[in-house]
Protein chains: 2
Amino acid sequence: MSRTRKAQRQQGLVELLASDPFFTDQELAEHFQVSIQTIRLDRLELGLPELRERVKHVAEKAYGRVKSVASSDIIGDLIEINLDKSGISVLDTDTSMGFANSNVVRGHHIFAQANSLAVALVDAPLALTGSAEIRYLNPVKTGERIVAKAYVLQVQGKKRIIRVESFVRERQVFQGEFILFCRENITQG
Amino acid sequence: MSRTRKAQRQQGLVELLASDPFFTDQELAEHFQVSIQTIRLDRLELGLPELRERVKHVAEKAYGRVKSVASSDIIGDLIEINLDKSGISVLDTDTSMGFANSNVVRGHHIFAQANSLAVALVDAPLALTGSAEIRYLNPVKTGERIVAKAYVLQVQGKKRIIRVESFVRERQVFQGEFILFCRENITQG
DNA sequence: TTCATCCTAGTAGCTGCTCTTAATAGCTAG
DNA sequence: CTAGCTATTAAGAGCAGCTACTAGGATGAA
């Protein structure tokens, strides 16, 4: 009974905030007939940000502040690079990279960091991604710092196979294997 | 002289906040090289609301317009959606999405469009990408319009398998298979 | 000199949180 | 029956970004 109640309330909470982000914890507590603490626990479990963050996110979107995906060549900061061997980049996430109604970072930002690190690793004027197999292992919350490590596994002429693993502290959040091609035999970057 | 300074500052303040409402008093004080108190007096005299109120107003305005679909979470424009079935989105690329030294669109933009379309397809308040297998089939040049088509292949409880194919005119440029999870069993979005 | 204006400073209090620790009730498996 | 678990509530410290108020120093004009 009680686990049903909790699950129902949490689902209701997600839907309610998705439909209207302007509720305070106080109002939510009254709506669901529980204490403020319970609402805060729920938000914590569900990764739902506080009122001010939700409002800010809506406003930032309206203002076009949200980065769809940054336009610089490298997403994140390159802190180490060994051309055709290995490299590390760091990406500090922020609320603009999360979903509107939760503080979980959207996957394509994590992908973008990994992909651009892989591309940067290749010792060629132009490298393009041919294909990739990726896996998201753990959610990343906005504000967390993602460290991506990349290793070149194989070099075959114009083709490179690169493995990227991304971490938040000790927790692995992403892994991917990218197949890149250099120069003219373009597929995509 | 000093009345000029004050008048100038206040005019600058109004203009600055009109162009970007996201400054704190602290930041404004630094910008105008005065104390926080002066900024607060200025805001008081000019009837300018505090940061949180400004942000809230922007959010409330924006909220009236968008609402129905959380479509601004989508990279590209959603032009058709059939929840849990299929959807189409369009992304107009521009030079900011290309590599610095070539007019080829960077892969993560294409991925972002496909990924966010897949997420939007799922009929749940929160869906996250678990893994994906993707392939870049042809390069996209900056300025080209990418049309992404997505189909839900499988629904298994909280799991969805979604196929996305992206085209520039008749030319297919991308394909991907995404495995998404709804709500709690979070991996990544 | 005196006075008003401008600016700075400090304090108290507010809202809506976060983070931490702890206590309580109810259920469940050994 | 008891130990351990989950769900809930509570209490306290602290924070950001304010409002509102009081007070004092600096500057320029009369």
Side-chain angles (χ1 to χ4, degrees), chain A residues 1-14 16-17 20-60 63 65 93-96 98 100-105 139-145 168-169, chain B residues 1-14 16-17 20-60 63 183-185:
Chain A
M1 185 65 182
S2 68
R3 73 184 43 156
T4 307
R5 227 186 88 199
K6 182 184 179 183
Q8 275 186 338
R9 187 186 58 240
Q10 294 198 342
Q11 189 185 339
L13 193 61
V14 170
L16 191 58
L17 289 184
D20 183 347
F22 295 92
F23 291 107
T24 62
D25 285 358
Q26 176 69 50
E27 291 165 339
L28 294 168
E30 283 160 16
H31 181 271
F32 290 105
Q33 287 292 302
V34 291
S35 71
I36 284 194
Q37 285 77 5
T38 302
I39 294 296
R40 289 181 178 162
L41 268 180
D42 286 345
R43 279 201 297 101
L44 194 67
E45 285 176 17
L46 297 169
L48 303 172
E50 61 166 291
L51 168 64
R52 286 161 181 165
E53 288 300 317
R54 294 193 300 269
V55 168
K56 194 174 156 197
H57 200 275
V58 172
E60 282 180 335
Y63 249 77
R65 276 194 158 208
T93 64
D94 61 53
T95 53
S96 75
N101 48 4
S102 89
N103 62 352
V104 176
V105 173
V140 176
K141 297 208 168 168
T142 53
E144 290 184 317
R145 164 171 295 192
V168 171
R169 276 183 288 267
Chain B
M1 187 64 181
S2 68
R3 75 183 43 153
T4 308
R5 223 186 95 199
K6 183 185 178 184
Q8 275 187 338
R9 188 185 58 239
Q10 293 199 343
Q11 190 186 337
L13 193 59
V14 170
L16 191 57
L17 289 185
D20 184 346
F22 295 91
F23 291 106
T24 62
D25 285 359
Q26 175 70 51
E27 290 167 339
L28 294 167
E30 282 160 15
H31 181 271
F32 290 106
Q33 286 291 302
V34 292
S35 71
I36 281 195
Q37 284 76 3
T38 300
I39 293 297
R40 289 181 177 162
L41 270 178
D42 286 345
R43 277 201 300 101
L44 196 68
E45 286 176 18
L46 298 168
L48 300 173
E50 61 167 293
L51 167 65
R52 285 162 182 169
E53 288 301 314
R54 297 193 299 270
V55 168
K56 198 175 156 194
H57 284 152
V58 171
E60 280 173 342
Y63 202 63
R183 258 209 300 280
E184 294 137 37
N185 297 13

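- Qualifying side-chain hydrogen bond (donor to acceptor under 3.5 Å, both in side chains) partners for A:Arg52, counting only residues two or more places apart in sequence or in other chains: none.
- Under the side chain to side chain contact (heavy atoms under 4.5 Å, CB included) criterion, B:Glu27 pairs with B:Phe23, B:Thr24, sequence neighbours left out.
- Annotation: side-chain hydrogen bond (donor to acceptor under 3.5 Å, both in side chains) contacts of A:Glu30 (sequence neighbours excluded): A:Gln26.
- Rounded to a whole Å, the CG atom of A:Leu46 is 12 Å from the P atom of D:dA7.
- Rounding to whole angstrom units, CD of residue A:Glu30 and P of C:dG16 are separated by 12 Å.
- Smallest separation of non-hydrogen atoms from A:Phe32 and A:Gly12: CZ-C, 3.7 Å.
- Minimum interatomic distance between A:Val34 and A:Ile39 (heavy atoms only, all atoms of both residues): CG2-CD1, 3.8 Å.
- Phosphate proximity of D:dT8 to A:Thr38: absent, as no side-chain N or O sits under 4.0 Å from OP1 or OP2.
- Distance from the side chain of B:Lys6 is smallest for C:dC7 among the nucleotides C:dT8, D:dA7, C:dC7.
- Distance, B:Gln33 CD to C:dC6 C1': 17 Å, rounded to whole Å.
- In this entry the distance linking CZ of A:Phe22 with C1' of C:dG16 reads 16 Å, nearest Å.
- Nucleotide D:dT6 holds its C1' atom 12 Å from the CD atom of A:Gln10, rounded to whole Å.
- If you take CD of B:Glu53 and P of C:dG16, they are 10 Å apart, rounded to a whole angstrom.
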Protein proximity profile, nucleotides 17-27 of chain C - base contact B, sugar-phosphate-only contact S, no contact -, cut-off 4.0 Å on heavy atoms: BB---------
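- Applying the salt bridge (Lys or Arg N to Asp or Glu O under 4.0 Å) test to residues at least two apart or on different chains, the pairs with a partner in residues 38-49 of chain B are B:Lys6-B:Glu45, B:Arg9-B:Asp42, B:Asp25-B:Arg40, B:Asp25-B:Arg43.
- When rounded to the nearest whole Å, the span between CD1 of A:Ile39 and C1' of D:dA7 equals 13 Å.
- Under the side chain to side chain contact (heavy atoms under 4.5 Å, CB included) criterion, A:Leu41 pairs with no residue at all, not counting sequence neighbours.
- With rounding to whole Å, B:Gln37 atom CD is found 12 Å from D:dC18 atom P.
- Within 4.0 Å of A:Leu41, counting heavy atoms only, lies at least one base atom of the nucleic acid.
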